[in-house]
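Read the structure below first, then the notes.
Sequence positions, counted from 1, serve as the residue numbers for this chain.
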Amino acid sequence: MAEISASMVKELREKTDAPMMECKKALSEADGDMDKAEDILRIRLGSKASKAATRVTAEGVVGISIEGQSGAILEVNCETDFVAKNDDFLAFAKDVAGLVRTTDVADPSALASLPLAGGTVESVRAALVGKIGENLTLRRFVRMQAKGKLYSYIHGGSKIGVLLDLVGGDEALGRDLAMHIAASKPKSLDSSGVDAALIEAERRVATEKAAESGKPAEIVAKMVEGAVAKFLKEVTLLGQVFVKAEDGKQTIEQLLKARNASIAGFVLFIVGEGIEKKVTDFAAEVAAQQAAARAA
């Protein structure tokens, strides 16, 4: 049997993006034949796509595509931050974001059936799962037709993405507002867009705290309303203090008024937001694998 060197494993990994151990196994089975090993990986990892579909995808990137008045923002997920930096994965996110922008697709399941690269979005995704060895999912997207001009901002290795529709203003204001949204993470433009359940939860907490003060009921009621009003300013874009305000007081609403501009809408995506991440004890996992190997 041919000796499998580290350089051979490295070469096969660079050609296929398959995991190192899978590359070593394939080379062993192929008795060192690189082409045969590559075929083994394509067969083996291609069949793993369905198994990978059960694994949590809480990492990934935000992709944005803008052309003229049309724009789209998309979140594509994978299992590890390492794959989130993979060139093929990034190219896939970019291509699908462009596809979203140019179609009227309604949801990720419908998006999967659209044509892409000689196949469909789903066939390209499945092939990429086989090549990379991780589950990949198209989580969510928003398509935007601007009333004004579209601006975008990507932060933290594409972990946070903003798409903004600004009416009036200029390039500098558009960039600053998009960066502000990424930094301050507002939940909505104004109070009308805040989830009623969030407001009610804040009101309950404020009521309990105010009740402990021992003050008269009418004072307690004012304290509660003041706390809720403060909360709404903190979580709504127009109520937030502009991150670059020189006086530390100017709100986004005041800034827009001073610049004779308005915001028609915005979308903020944070990769993995709301997804419960699996915490892995790698030492325990390795120990379990070794125990299983000994038992076998």
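Side-chain N or O atoms of Ser188 include one that pairs as donor or acceptor with a backbone N or O of Asp190 at under 3.5 Å. At distances below 3.5 Å, not a single donor-acceptor pair connects side-chain atoms of Asp165 with backbone N or O atoms of Ala264. Looking only at distances, no side-chain donor or acceptor of Glu202 sits under 3.5 Å from a matching main-chain atom of Ala227. The backbone N or O of Val205 lies less than 3.5 Å from no partner atom in the side chain of Glu208, so there is not a single donor-acceptor pair. Under a 3.5 Å cut-off, the side chain of Arg259 and the backbone N or O of Leu173 do not form any donor-acceptor pair. Looking at Ser213, its side chain never comes within 3.5 Å of a backbone N or O of Lys209 through a donor-acceptor pair. With hydrogens and angles disregarded, no donor-acceptor distance shorter than 3.5 Å links the side chain of Glu75 to the backbone of Leu138. No donor-acceptor distance shorter than 3.5 angstrom exists from the side chain of Lys249 to the backbone of Val241, with no hydrogens or angles considered. The backbone N or O of Thr80 sits less than 3.5 Å from a side-chain atom of Glu134, completing a donor-acceptor pair.
Comment: Lys230 engages Glu234 in a salt bridge, judged by a side-chain N to carboxylate O separation of less than 4.0 angstrom. With respect to Lys131 and Asp88, a salt bridge is recorded, a charged nitrogen being found less than 4.0 Å from a carboxylate O. Ion pair Asp104/Arg143 not flagged as a salt bridge, since none of the NZ, NE, NH1 or NH2 atoms sits closer than 4.0 Å to an Asp/Glu carboxylate oxygen. Look at Glu29 and Lys36 and you find no salt bridge, because none of the NZ, NE, NH1 or NH2 atoms lies under 4.0 Å from a carboxylate O.
Under a cut-off of 6.0 angstrom, the local environment of CD in Glu246 is sparse, with at most 12 non-hydrogen atoms contributed by other residues, nucleotides or ligands. Residue-environment remark: CD (Gln145) exceeds the threshold of 12 foreign heavy atoms within 6.0 Å. The number of heavy-atom neighbours closer than 6.0 Å to CG of Asp107, taken from other residues, nucleotides and ligands shown, is above 12.
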**Request:** Begin from the C-alpha positions of Ile252 and His180 and carry the test side chain to side chain contact (heavy atoms under 4.5 Å, CB included) through to its verdict.
**Result:** CA-CA 9 Å; Ile252 296 297; His180 171 96; 3.8 Å; yes
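Listed by chain and number, the residues in a side-chain contact (heavy atoms from CB on, under 4.5 Å) with Glu171 are Lys149, Tyr151, Arg175 (sequence neighbours excluded). Not a single side-chain contact (heavy atoms from CB on, under 4.5 Å) links Lys94 to another residue, sequence neighbours left out.
Taking 4.5 Å as the limit, every side-chain heavy atom of Glu122 sits out of range of all side-chain heavy atoms of Leu116.
Rounded to the nearest 0.5 Å, atoms CD1 (Ile181) and CG (Leu237) are 5.0 Å apart.
Considering all non-hydrogen atoms of both residues, Ala178 and Leu164 come closest at N-CD2, 4.0 Å.
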